[in-house]
Amino acid sequence: TDLIDEVVQVSSDAAVAMAARLAREEGLLTGISAGAAVEAAVGLARKPEHEGKLVVVIIPSFGERYLSTVLFQDIKEECEAMKPNNRIKVTDVAGREVFVPPL
């Protein structure tokens with residue numbers, strides 16, 4: 001249609017990696033769709049024709065559904081490896097209890 005300039009394909013691995021990066025580096029708890037959207041936006045922003053331009057991306061998903069998936073597996077393992085007195089127990093929106101590092 002006239003509304004779509006381009007469709008950018010992003011692999012599942014790249015989408016998961018970007019969503020994990022957003023959590024670790026930016027503190028944004030996003031989902032895999034958000035990882036794909038940001039990965040596509042970063043790719044577009046790197047093109048020479050977009051140099052100096054502002055690229056905006058809409059984050060289409062949250063990460064709470066992915067807490068027990070491969071997306072946050074490394075963070076989960078890190079938390080589980082911590083001594084109990086160094087972790088804080090929280091309950092997620094689904095009622096699951098998880099331990100997280102203190103702020």
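- To the nearest 0.5 Å, atoms CE (Met18) and CG (Asp13) are separated by 13.5 Å.
- The shortest heavy-atom contact between Tyr66 and Phe72 is O-CD1, 3.3 Å.
- Hydrophobic clustering of Ile, Leu, Val, Met, Phe, Trp and Tyr side chains at less than 4.5 Å, counting indirect connections, keeps Leu67 apart from Leu28.
- A search for side-chain contact (heavy atoms from CB on, under 4.5 Å) contacts involving Ala15 returns Val10, Ile32, Ala36, not counting sequence neighbours.
- Taking both residues in full, the closest heavy atoms of Gly31 and Ala19 are given as O-CB, 3.5 Å, listed atom of the first, atom of the second, then distance.
- For the atom pair Ile59 CD1 and Leu29 CG, the distance stands at 11.5 Å (nearest 0.5 Å).
- Cluster partners of Phe62, using a side-chain heavy-atom cutoff of under 4.5 Å among ILVMFWY residues and allowing indirect links: none.
- Counting non-hydrogen atoms of neighbouring residues, nucleotides and ligands closer than 6.0 angstrom, the CD atom of Glu25 exceeds 12 such neighbours.
- Interatomic distance, Lys47 NZ to Lys53 NZ, rounded to the nearest 0.5 Å: 11.5 Å.
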Could you check Arg21 against Val38 for side-chain contact (heavy atoms from CB on, under 4.5 Å), going step by step and ending with a plain yes or no?
CA-CA 10 Å; Arg21 182 177 167 194; Val38 172; over 6 Å; no
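- Linking ILVMFWY residues whenever their side-chain heavy atoms come closer than 4.5 Å, directly or via other members, leaves Leu44 and Val57 in distinct clusters.
- Across Pro60 and Ala37, no two heavy atoms sit closer than the pair CD-CB, 4.0 Å.
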